[in-house]
Amino acid sequence: MLQSILRAFLRALVTLFLAMTFTFVILRISGDPLHSLLPIETPPEVVALMRQQWGLDQPLYIQYFAYLGHLLRGDFGTSLLNGQDALTLVLSKVPATLELMGAALILAFGAGVPFGILAARNRGGLIDRFVMALAVLMHSLPNFLIAILLIQLFAVSLRILPSGGGSTMAHLVMPVLVIGLYNAGIIARFVRSSVLEVLGQRFILAARAKRIGESALLWRHIMPNAALPLLTMLGFLVGGMIGGAAVVESVYAWPGVGRFLVSSVAQRDLNIVQTIVLLITATMVTANLLIDCLYILADPRLRHRASA
(Lines give C-alpha, C1' and ligand atoms only; values in the text may rest on other atoms or scores of the structure.)
Protein backbone atom coordinates (compact mmCIF):
# COMPACT_ATOMS: atom_id res chain seq x y z
CA MET A 1 0.00 0.00 0.00
CA LEU A 2 2.86 2.36 0.80
CA GLN A 3 4.40 1.68 -2.63
CA SER A 4 1.12 2.55 -4.35
CA ILE A 5 0.91 5.83 -2.45
CA LEU A 6 4.53 6.66 -3.28
CA ARG A 7 3.92 5.97 -6.98
CA ALA A 8 0.90 8.28 -6.90
CA PHE A 9 3.00 10.95 -5.19
CA LEU A 10 5.74 10.70 -7.84
CA ARG A 11 3.15 10.98 -10.62
CA ALA A 12 1.82 14.10 -8.91
CA LEU A 13 5.29 15.69 -8.82
CA VAL A 14 5.91 14.89 -12.50
CA THR A 15 2.55 16.34 -13.47
CA LEU A 16 3.24 19.53 -11.53
CA PHE A 17 6.69 19.90 -13.12
CA LEU A 18 5.38 19.36 -16.65
CA ALA A 19 2.54 21.85 -16.15
CA MET A 20 4.97 24.44 -14.81
CA THR A 21 7.39 23.94 -17.72
CA PHE A 22 4.67 23.98 -20.37
CA THR A 23 3.16 27.18 -18.98
CA PHE A 24 6.52 28.92 -18.81
CA VAL A 25 7.46 28.05 -22.39
CA ILE A 26 4.07 28.85 -23.92
CA LEU A 27 3.92 32.26 -22.22
CA ARG A 28 7.41 33.16 -23.43
CA ILE A 29 7.02 32.09 -27.07
CA SER A 30 3.55 33.59 -27.49
CA GLY A 31 4.84 37.17 -27.63
CA ASP A 32 6.55 39.97 -25.77
CA PRO A 33 4.51 40.90 -22.66
CA LEU A 34 5.85 44.46 -22.75
CA HIS A 35 3.81 45.14 -25.89
CA SER A 36 0.69 44.69 -23.76
CA LEU A 37 1.98 46.30 -20.58
CA LEU A 38 3.47 49.48 -22.09
CA PRO A 39 1.75 52.13 -24.24
CA ILE A 40 2.38 52.05 -27.96
CA GLU A 41 4.21 55.39 -27.87
CA THR A 42 6.77 54.16 -25.30
CA PRO A 43 10.31 54.97 -26.55
CA PRO A 44 12.33 51.91 -27.69
CA GLU A 45 15.08 52.60 -25.15
CA VAL A 46 12.52 52.46 -22.32
CA VAL A 47 11.17 49.15 -23.67
CA ALA A 48 14.72 47.77 -23.85
CA LEU A 49 15.43 48.91 -20.29
CA MET A 50 12.25 47.27 -18.98
CA ARG A 51 13.03 44.07 -20.88
CA GLN A 52 16.48 43.98 -19.28
CA GLN A 53 15.06 44.76 -15.83
CA TRP A 54 12.64 41.80 -16.00
CA GLY A 55 15.23 39.47 -17.54
CA LEU A 56 13.24 39.11 -20.75
CA ASP A 57 16.29 39.88 -22.86
CA GLN A 58 17.96 36.63 -21.78
CA PRO A 59 17.74 33.37 -23.79
CA LEU A 60 14.76 31.20 -22.96
CA TYR A 61 16.75 28.48 -21.19
CA ILE A 62 18.46 31.04 -18.92
CA GLN A 63 15.07 32.55 -18.02
CA TYR A 64 13.76 29.04 -17.29
CA PHE A 65 16.58 28.01 -14.95
CA ALA A 66 16.42 31.38 -13.21
CA TYR A 67 12.69 30.84 -12.70
CA LEU A 68 13.32 27.35 -11.28
CA GLY A 69 15.91 28.75 -8.90
CA HIS A 70 13.48 31.36 -7.63
CA LEU A 71 10.75 28.75 -7.19
CA LEU A 72 13.03 26.53 -5.13
CA ARG A 73 13.55 29.51 -2.80
CA GLY A 74 9.80 30.07 -2.59
CA ASP A 75 9.94 33.18 -4.78
CA PHE A 76 7.12 33.28 -7.36
CA GLY A 77 8.20 36.65 -8.71
CA THR A 78 6.36 39.95 -8.80
CA SER A 79 3.56 41.27 -10.95
CA LEU A 80 4.82 42.95 -14.11
CA LEU A 81 1.82 45.26 -13.88
CA ASN A 82 2.20 46.73 -10.39
CA GLY A 83 5.35 45.19 -8.88
CA GLN A 84 3.55 43.45 -6.00
CA ASP A 85 4.38 39.93 -4.88
CA ALA A 86 2.68 37.47 -7.24
CA LEU A 87 1.91 34.79 -4.65
CA THR A 88 0.40 37.32 -2.23
CA LEU A 89 -1.85 38.73 -4.94
CA VAL A 90 -3.04 35.28 -6.03
CA LEU A 91 -3.65 34.03 -2.48
CA SER A 92 -5.79 37.10 -1.78
CA LYS A 93 -8.23 35.81 -4.44
CA VAL A 94 -8.36 32.24 -3.13
CA PRO A 95 -11.02 32.67 -0.38
CA ALA A 96 -13.61 33.92 -2.88
CA THR A 97 -12.95 30.97 -5.19
CA LEU A 98 -13.07 28.47 -2.32
CA GLU A 99 -16.40 29.91 -1.22
CA LEU A 100 -17.78 29.53 -4.73
CA MET A 101 -16.37 26.03 -5.29
CA GLY A 102 -17.49 24.76 -1.89
CA ALA A 103 -21.07 25.91 -2.35
CA ALA A 104 -21.16 24.59 -5.93
CA LEU A 105 -19.80 21.20 -4.85
CA ILE A 106 -22.46 20.88 -2.15
CA LEU A 107 -25.18 21.71 -4.69
CA ALA A 108 -23.71 19.30 -7.27
CA PHE A 109 -23.68 16.33 -4.90
CA GLY A 110 -26.90 17.36 -3.15
CA ALA A 111 -28.77 17.30 -6.47
CA GLY A 112 -26.79 14.77 -8.49
CA VAL A 113 -26.67 11.85 -6.04
CA PRO A 114 -30.43 11.68 -5.23
CA PHE A 115 -31.44 12.10 -8.86
CA GLY A 116 -28.94 9.44 -9.94
CA ILE A 117 -30.34 6.99 -7.37
CA LEU A 118 -33.90 7.87 -8.41
CA ALA A 119 -33.10 7.22 -12.08
CA ALA A 120 -31.41 3.89 -11.30
CA ARG A 121 -34.32 2.63 -9.18
CA ASN A 122 -36.72 3.48 -12.01
CA ARG A 123 -34.56 2.13 -14.82
CA GLY A 124 -36.20 2.38 -18.22
CA GLY A 125 -39.21 4.24 -16.85
CA LEU A 126 -40.49 7.74 -17.40
CA ILE A 127 -38.66 9.10 -14.35
CA ASP A 128 -35.38 7.58 -15.52
CA ARG A 129 -35.70 9.08 -18.99
CA PHE A 130 -36.67 12.49 -17.62
CA VAL A 131 -33.79 12.63 -15.11
CA MET A 132 -31.22 11.50 -17.69
CA ALA A 133 -32.52 13.96 -20.29
CA LEU A 134 -32.26 16.75 -17.72
CA ALA A 135 -28.76 15.63 -16.72
CA VAL A 136 -27.58 15.58 -20.35
CA LEU A 137 -29.11 19.02 -20.92
CA MET A 138 -27.38 20.53 -17.87
CA HIS A 139 -24.05 19.02 -18.85
CA SER A 140 -24.32 19.93 -22.54
CA LEU A 141 -25.12 23.63 -22.29
CA PRO A 142 -22.01 25.84 -22.08
CA ASN A 143 -21.41 27.53 -18.73
CA PHE A 144 -21.33 31.02 -20.20
CA LEU A 145 -24.68 30.49 -21.93
CA ILE A 146 -26.37 29.31 -18.72
CA ALA A 147 -24.79 32.25 -16.88
CA ILE A 148 -26.16 34.76 -19.37
CA LEU A 149 -29.62 33.18 -19.32
CA LEU A 150 -29.72 33.35 -15.51
CA ILE A 151 -28.70 37.01 -15.60
CA GLN A 152 -31.49 37.70 -18.06
CA LEU A 153 -34.03 35.88 -15.86
CA PHE A 154 -33.08 36.83 -12.30
CA ALA A 155 -31.29 40.17 -12.75
CA VAL A 156 -32.99 41.74 -15.77
CA SER A 157 -36.52 40.31 -15.87
CA LEU A 158 -37.30 39.48 -12.22
CA ARG A 159 -34.75 41.88 -10.65
CA ILE A 160 -34.32 39.74 -7.56
CA LEU A 161 -30.57 39.07 -7.82
CA PRO A 162 -27.57 41.26 -8.64
CA SER A 163 -26.04 40.63 -12.07
CA GLY A 164 -22.45 40.58 -10.81
CA GLY A 165 -19.99 41.30 -8.04
CA GLY A 166 -19.09 39.52 -4.83
CA SER A 167 -19.98 41.65 -1.83
CA THR A 168 -23.06 39.76 -0.54
CA MET A 169 -24.48 36.24 -0.43
CA ALA A 170 -26.96 37.23 -3.13
CA HIS A 171 -24.04 37.61 -5.53
CA LEU A 172 -23.17 33.96 -4.86
CA VAL A 173 -26.49 32.46 -5.97
CA MET A 174 -26.20 32.54 -9.76
CA PRO A 175 -22.52 31.48 -10.02
CA VAL A 176 -23.23 28.55 -7.68
CA LEU A 177 -26.27 27.53 -9.74
CA VAL A 178 -24.26 27.57 -12.98
CA ILE A 179 -21.32 25.50 -11.70
CA GLY A 180 -23.35 23.30 -9.33
CA LEU A 181 -26.09 22.27 -11.77
CA TYR A 182 -23.59 21.70 -14.58
CA ASN A 183 -21.69 19.20 -12.41
CA ALA A 184 -24.88 17.75 -10.92
CA GLY A 185 -25.69 16.41 -14.38
CA ILE A 186 -22.35 14.57 -14.48
CA ILE A 187 -22.81 13.15 -10.99
CA ALA A 188 -26.38 12.01 -11.66
CA ARG A 189 -25.33 10.03 -14.73
CA PHE A 190 -22.35 8.53 -12.94
CA VAL A 191 -24.35 7.58 -9.83
CA ARG A 192 -27.02 5.95 -11.98
CA SER A 193 -24.42 3.80 -13.76
CA SER A 194 -22.70 2.86 -10.49
CA VAL A 195 -25.95 1.95 -8.73
CA LEU A 196 -27.14 -0.15 -11.67
CA GLU A 197 -23.82 -2.00 -11.70
CA VAL A 198 -24.13 -2.79 -7.99
CA LEU A 199 -27.76 -3.83 -8.35
CA GLY A 200 -26.66 -6.59 -10.73
CA GLN A 201 -24.27 -8.15 -8.20
CA ARG A 202 -25.07 -11.45 -6.53
CA PHE A 203 -24.82 -10.14 -2.97
CA ILE A 204 -27.74 -7.78 -3.71
CA LEU A 205 -29.86 -10.75 -4.79
CA ALA A 206 -28.82 -12.56 -1.61
CA ALA A 207 -29.73 -9.55 0.52
CA ARG A 208 -33.15 -9.32 -1.10
CA ALA A 209 -33.65 -13.04 -0.53
CA LYS A 210 -33.16 -12.33 3.16
CA ARG A 211 -36.05 -9.83 2.90
CA ILE A 212 -33.90 -6.81 3.78
CA GLY A 213 -35.91 -3.61 3.37
CA GLU A 214 -35.26 -1.40 0.35
CA SER A 215 -34.09 1.52 2.48
CA ALA A 216 -31.58 -0.62 4.41
CA LEU A 217 -30.51 -2.30 1.18
CA LEU A 218 -29.82 1.06 -0.43
CA TRP A 219 -27.78 2.63 2.39
CA ARG A 220 -26.05 -0.47 3.78
CA HIS A 221 -25.23 -2.39 0.62
CA ILE A 222 -25.77 -0.41 -2.58
CA MET A 223 -24.41 3.06 -1.79
CA PRO A 224 -21.20 2.00 0.02
CA ASN A 225 -20.22 -0.03 -3.06
CA ALA A 226 -21.49 2.51 -5.59
CA ALA A 227 -19.64 5.32 -3.80
CA LEU A 228 -16.18 3.88 -4.48
CA PRO A 229 -16.11 4.87 -8.19
CA LEU A 230 -17.31 8.34 -7.14
CA LEU A 231 -14.01 8.87 -5.36
CA THR A 232 -12.18 8.48 -8.66
CA MET A 233 -14.52 10.89 -10.42
CA LEU A 234 -14.21 13.47 -7.65
CA GLY A 235 -10.66 14.36 -8.65
CA PHE A 236 -11.66 15.06 -12.25
CA LEU A 237 -14.73 16.90 -11.03
CA VAL A 238 -12.66 19.29 -8.91
CA GLY A 239 -10.41 19.98 -11.90
CA GLY A 240 -13.38 20.65 -14.14
CA MET A 241 -14.94 22.99 -11.61
CA ILE A 242 -11.73 25.00 -11.32
CA GLY A 243 -11.54 25.29 -15.09
CA GLY A 244 -15.18 26.31 -15.39
CA ALA A 245 -14.78 28.88 -12.62
CA ALA A 246 -12.61 31.06 -14.88
CA VAL A 247 -15.52 31.58 -17.27
CA VAL A 248 -18.23 31.90 -14.61
CA GLU A 249 -16.22 34.28 -12.42
CA SER A 250 -15.56 36.49 -15.46
CA VAL A 251 -19.24 36.60 -16.45
CA TYR A 252 -20.39 37.47 -12.92
CA ALA A 253 -17.36 39.63 -12.01
CA TRP A 254 -16.75 37.31 -9.04
CA PRO A 255 -13.46 38.39 -7.36
CA GLY A 256 -11.80 34.97 -7.46
CA VAL A 257 -8.75 33.30 -8.94
CA GLY A 258 -10.49 32.41 -12.20
CA ARG A 259 -11.36 35.99 -13.06
CA PHE A 260 -7.89 37.11 -11.98
CA LEU A 261 -6.38 34.52 -14.36
CA VAL A 262 -8.41 35.78 -17.32
CA SER A 263 -7.46 39.41 -16.69
CA SER A 264 -3.79 38.51 -16.14
CA VAL A 265 -3.66 36.57 -19.41
CA ALA A 266 -5.18 39.54 -21.23
CA GLN A 267 -2.59 41.87 -19.66
CA ARG A 268 0.27 39.39 -20.24
CA ASP A 269 1.26 39.50 -16.58
CA LEU A 270 3.56 36.46 -16.79
CA ASN A 271 4.38 35.87 -13.14
CA ILE A 272 0.75 36.13 -12.08
CA VAL A 273 -0.37 33.67 -14.78
CA GLN A 274 2.42 31.22 -13.89
CA THR A 275 1.56 31.40 -10.19
CA ILE A 276 -2.15 30.82 -10.80
CA VAL A 277 -1.51 27.88 -13.13
CA LEU A 278 0.86 26.35 -10.56
CA LEU A 279 -1.72 26.85 -7.82
CA ILE A 280 -4.54 25.30 -9.88
CA THR A 281 -2.35 22.39 -10.97
CA ALA A 282 -1.19 21.79 -7.40
CA THR A 283 -4.81 21.80 -6.22
CA MET A 284 -5.89 19.29 -8.86
CA VAL A 285 -2.85 17.08 -8.32
CA THR A 286 -3.29 17.14 -4.53
CA ALA A 287 -7.00 16.34 -4.85
CA ASN A 288 -6.28 13.36 -7.12
CA LEU A 289 -3.46 12.19 -4.85
CA LEU A 290 -5.70 12.27 -1.78
CA ILE A 291 -8.45 10.47 -3.68
CA ASP A 292 -6.01 7.76 -4.81
CA CYS A 293 -4.99 7.26 -1.19
CA LEU A 294 -8.60 7.20 -0.01
CA TYR A 295 -9.51 4.72 -2.73
CA ILE A 296 -6.74 2.37 -1.59
CA LEU A 297 -7.85 2.70 2.03
CA ALA A 298 -11.56 2.32 1.24
CA ASP A 299 -11.35 -0.66 -1.14
CA PRO A 300 -10.27 -3.90 0.61
CA ARG A 301 -9.37 -5.45 -2.78
CA LEU A 302 -6.82 -2.73 -3.49
CA ARG A 303 -5.38 -2.95 0.03
CA HIS A 304 -4.93 -6.70 -0.41
CA ARG A 305 -3.40 -6.25 -3.87
CA ALA A 306 -1.03 -3.53 -2.61
CA SER A 307 0.15 -5.65 0.33
CA ALA A 308 0.54 -8.81 -1.78
Side-chain angles (χ1 to χ4, degrees), residues 87-116 131 134-191 230 233-267 272-273 275-277 279-284 286-287 290-291:
L87 184 60
T88 302
L89 285 174
V90 173
L91 291 180
S92 68
K93 308 292 182 180
V94 169
T97 296
L98 289 179
E99 182 182 7
L100 178 59
M101 293 298 99
L105 197 62
I106 292 173
L107 175 60
F109 275 91
V113 172
F115 277 103
V131 170
L134 189 61
V136 170
L137 178 65
M138 289 189 297
H139 181 54
S140 301
L141 291 176
N143 278 345
F144 72 89
L145 177 59
I146 301 176
I148 293 173
L149 291 176
L150 290 182
I151 290 175
Q152 179 64 36
L153 175 62
F154 292 113
V156 178
S157 299
L158 300 179
R159 297 186 179 182
I160 58 176
L161 290 174
S163 61
S167 57
T168 66
M169 290 300 294
H171 292 91
L172 187 65
V173 175
M174 286 194 287
V176 167
L177 284 176
V178 174
I179 300 175
L181 293 180
Y182 177 85
N183 289 281
I186 305 175
I187 294 174
R189 295 171 63 189
F190 199 87
V191 168
L230 281 175
M233 190 196 69
L234 184 59
F236 298 101
L237 192 67
V238 170
M241 291 179 73
I242 293 174
V247 176
V248 175
E249 287 184 2
S250 298
V251 172
Y252 290 108
W254 183 262
V257 175
R259 183 188 176 204
F260 194 32
L261 174 62
V262 173
S263 63
S264 298
V265 169
Q267 296 165 343
I272 295 294
V273 176
T275 303
I276 293 176
V277 171
L279 179 64
I280 292 175
T281 305
T283 301
M284 295 174 60
T286 302
L290 291 175
I291 288 166

Close side-chain approach of E99 to M169, heavy-atom, < 4.5 Å =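 Yes. Closest side-chain heavy atoms under 4.5 Å.
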
Any R259 side-chain heavy atom under 4.5 Å of K93 side chain =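 R259 vs K93: side chains apart.
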
message = Test of understanding: with side-chain hydrogen bond (donor to acceptor under 3.5 Å, both in side chains), list the residues that count as partners of S263, not counting sequence neighbours.
response =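 Applying side-chain hydrogen bond (donor to acceptor under 3.5 Å, both in side chains) to S263 gives none.
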
If I compare all heavy atoms of [X] with all of [Y], which pair ends up nearest, and what's the gap?
X    : Y    : value
S92  : P95  : O-CD, 3.7 Å
A188 : A135 : CB-CB, 4.3 Å
M241 : A104 : CE-CB, 3.6 Å
V262 : A246 : CG2-O, 3.9 Å
V156 : R159 : O-CG, 3.5 Å

Residues L105, N183; criterion side-chain contact (heavy atoms from CB on, under 4.5 Å); working and verdict = CA-CA 8 Å; L105 197 62; N183 289 281; over 6 Å; no

Mind listing the side-chain donor-acceptor pairs of residues 170-182 below 3.5 Å, one per line with the distance, residues two or more places apart or on another chain?
unit_1: H171; atom_1: ND1; unit_2: T168; atom_2: N; d: 3.2
unit_1: H171; atom_1: ND1; unit_2: T168; atom_2: OG1; d: 2.7
unit_1: H171; atom_1: NE2; unit_2: G164; atom_2: O; d: 3.2

request  = Please indicate whether F260 has more than 12 foreign heavy atoms, meaning atoms of other residues, nucleotides or ligands, lying under 6.0 Å from its CZ.
outcome  =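 Yes, enclosed.
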
Between [X] and [Y] (side chain of the first, backbone of the second, donor and acceptor by atom type, cut-off under 3.5 Å), is there such a pair?
X    : Y    : value
W254 : G165 : no
T97  : V257 : yes
S140 : L137 : no
Y252 : S163 : no
S264 : I272 : no

Side chain to side chain contact (heavy atoms under 4.5 Å, CB included) partner of I146, chosen from I151, V251, L141 =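 So, applying the side chain to side chain contact (heavy atoms under 4.5 Å, CB included) to I146 and each of I151, V251, L141, only L141 qualifies.
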
Atom [atom1] in [X], atom [atom2] in [Y]: separation rounded to 0.5 Å?
X    : Y    : atom1 : atom2 : answer
I187 : L107 : CD1   : CG    : 9.0 Å
Q152 : L158 : CD    : CG    : 10.0 Å
T275 : I280 : OG1   : CD1   : 11.0 Å

request  = Begin with the C-alpha distance, continue with both residues' side-chain angles, and end with the deciding distance and a verdict on side-chain contact (heavy atoms from CB on, under 4.5 Å) for V136 and R189.
outcome  = CA-CA 8 Å; V136 170; R189 295 171 63 189; 4.2 Å; yes

inquiry  = Holding to ring-ring contact (aromatic ring centres under 6.0 Å, His included), I want the full list of residues that pass it with F190, two or more places apart in sequence or in another chain.
reply    =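 Result, ring-ring contact (aromatic ring centres under 6.0 Å, His included) vs F190: none returned.
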
